[in-house]
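What follows is a single structure, written as structure tokens, with notes after it.
Letters go in sequence order (proteins before strands), and every chain restarts at 1.
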Number of protein chains: 2
Amino acid sequence: MVDPLADERLDRAFLALADPVRRRIVARLSRGPATVNELAAPFDISKQAVSKHIQVLEHAGLVTRSRDAQRRPVHLDAATLEALTAWIDRYRLIHEQSFRALDAVLAAQAGTATNQQDDTRTQQTEQEAGS
Amino acid sequence: MVDPLADERLDRAFLALADPVRRRIVARLSRGPATVNELAAPFDISKQAVSKHIQVLEHAGLVTRSRDAQRRPVHLDAATLEALTAWIDRYRLIHEQSFRALDAVLAAQAGTATNQQDDTRTQQTEQEAGS
DNA sequence: CTATTGATCAACCGATCGGTTGATTACAAC
DNA sequence: GTTGTAATCAACCGATCGGTTGATCAATAG
């Protein structure tokens with residue numbers, strides 16, 4: 001459905017979200033388009049800095065811009081967000097799967113009843129018996 | 001369910017994934033734990049550099065480490081991955097929702113179609129956009 | 001004990017990032 | 001035209017990032 005993003009594009013998209021200002025901008029845009037001035041209002045930084053943040057988001061494919069007189073409204077591009085979740089979920093699910101397989105192996109070896117291989121989506125915390 | 005990660009933790013987690021080497025490490029770990037040497041093997045960079053990458057992933061909460069003699073196996077922590085998809089999906093779904101609302105308004109006004117591709121995924125959770 | 005293996009620590013370097021200020025473009029209103 | 005507003009461009013700065021090399025720590029093997 002959504003193209004798996006090329007490596008460099010994933011770089012830029014994840015990097016774009018690795019900043020609280022840009023995440024807040026994305027959060028704001030999820031409720032509809034906004035101009036740079038509107039987006040800059042909640043922040044204590046300069047409008048130029050916000051403009052740069054928007055450029056980072058745009059270069060990452062997370063937002064697009066249109067034109068309305070001298071304003072340049074910014075729109076969220078949800079397709080890229082979806083591609084990011086697709087990447088993450090891919091490996092998250094592989095991990096879950098192999099974890100369940102390991103559970104089965106351990107259960108078969110020991111026979112003791114510490115296995116829960118039912119459809120509980122256990123994302124259990126690894127604990128170290130590292131002594 | 002999964003704790004919404006604090007802002008600083010989200011910073012680190014997204015930043016950790018904004019690097020192709022670290023994403024390949026995550027991909028490898030999704031199939032099971034591995035030592036630093038094993039993880040470093042596919043790359044042309046030094047083992048120290050890979051060790052740093054792993055520290056970045058660990059500090060981001062994406063991996064944990066145990067101990068086995070002089071080896072320090074690295075394990076994926078899928079919970080943090082899940083928290084990232086949770087953050088993304090939250091705003092992706094809000095966006096979808098407001099887009100549909102806009103569609104309805106425009107349809108009522110003029111009957112003209114918008115240029116949004118119809119991604120049918122009916123979700124109706126009303127949420128507010130925090131950070 | 002010494003030697004070897006696995007991994008980290010420490011210092012350093014060039015590139016990029018997030019921010020600033022000042023100048024400039026683009027458009028609208030008068 | 002001139003003024004005003006929205007936004008970007010350009011140069012600069014300190015901090016962080018990704019990489020290197022060399023030394024060191026931790027644990028096993030001989």
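Side-chain contact check for B:H75 versus B:S66: some heavy-atom pair is nearer than 4.5 Å. Between A:D19 and A:H53, the closest side-chain pair of non-hydrogen atoms falls below 4.5 Å.
Rounded to whole Å, the distance from CZ on B:F43 to P on D:dT20 is 12 Å. In this structure, A:H53 places its NE2 atom 17 Å from C1' of D:dC9, rounding to the nearest Å. Spacing between atom NE2 of B:H59 and atom C1' of D:dT16 amounts to 14 Å, rounded to whole angstrom units. In this structure, A:D11 atom CG and D:dG18 atom C1' are separated by 12 Å, rounded to whole Å. One interatomic measurement links the two molecules: CZ of A:R67 to C1' of C:dC27, which rounds to 7 Å at whole-angstrom precision. Taking atom CD1 of residue B:I25 and atom P of nucleotide D:dG18, one finds them 11 Å apart after rounding to whole Å. Between the P atom of D:dT21 and the CD1 atom of B:I45 lies a distance of 12 Å, rounded to the nearest Å.
The backbone N or O of B:L15 lies less than 3.5 Å from a partner atom in the side chain of B:R22, making a donor-acceptor pair.
Picking from C:dG18, C:dT21, C:dC27 the nucleotide with the shortest atom distance to the side chain of A:S46 gives C:dT21.
A chain of hydrophobic side-chain contacts below 4.5 Å, direct or via other Ile, Leu, Val, Met, Phe, Trp or Tyr residues, connects B:I25 to A:I94. Hydrophobic clustering of Ile, Leu, Val, Met, Phe, Trp and Tyr side chains at less than 4.5 Å, counting indirect connections, keeps B:V56 apart from B:V26.
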Could you list all N or O pairs between the protein and nucleotides 5-15 of chain C that sit under 3.5 Å apart?
residue	atom	partner	partner atom	Å
C:dA7	OP1	B:V36	N	3.4
C:dA7	OP1	B:R72	N	3.3
C:dA7	OP2	B:N37	N	2.9
C:dA7	OP2	B:N37	ND2	3.1
C:dA7	N7	B:K47	NZ	2.9
C:dT8	OP1	B:R65	NE	3.4
C:dT8	OP1	B:R65	NH2	2.1
C:dT8	OP2	B:S51	OG	2.1
C:dT8	O5'	B:S51	OG	3.4

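Comparing A:A69 and A:D44 along DNA chain C, the residue whose closest nucleotide (by nearest heavy atom) sits nearer the 5' end is A:D44.
Among all heavy-atom pairs drawn from A:A13 and A:L62, the shortest one is O-CD1, 4.0 Å.
Counting non-hydrogen atoms under 4.0 angstrom, A:A49 reaches a base of the nucleic acid.
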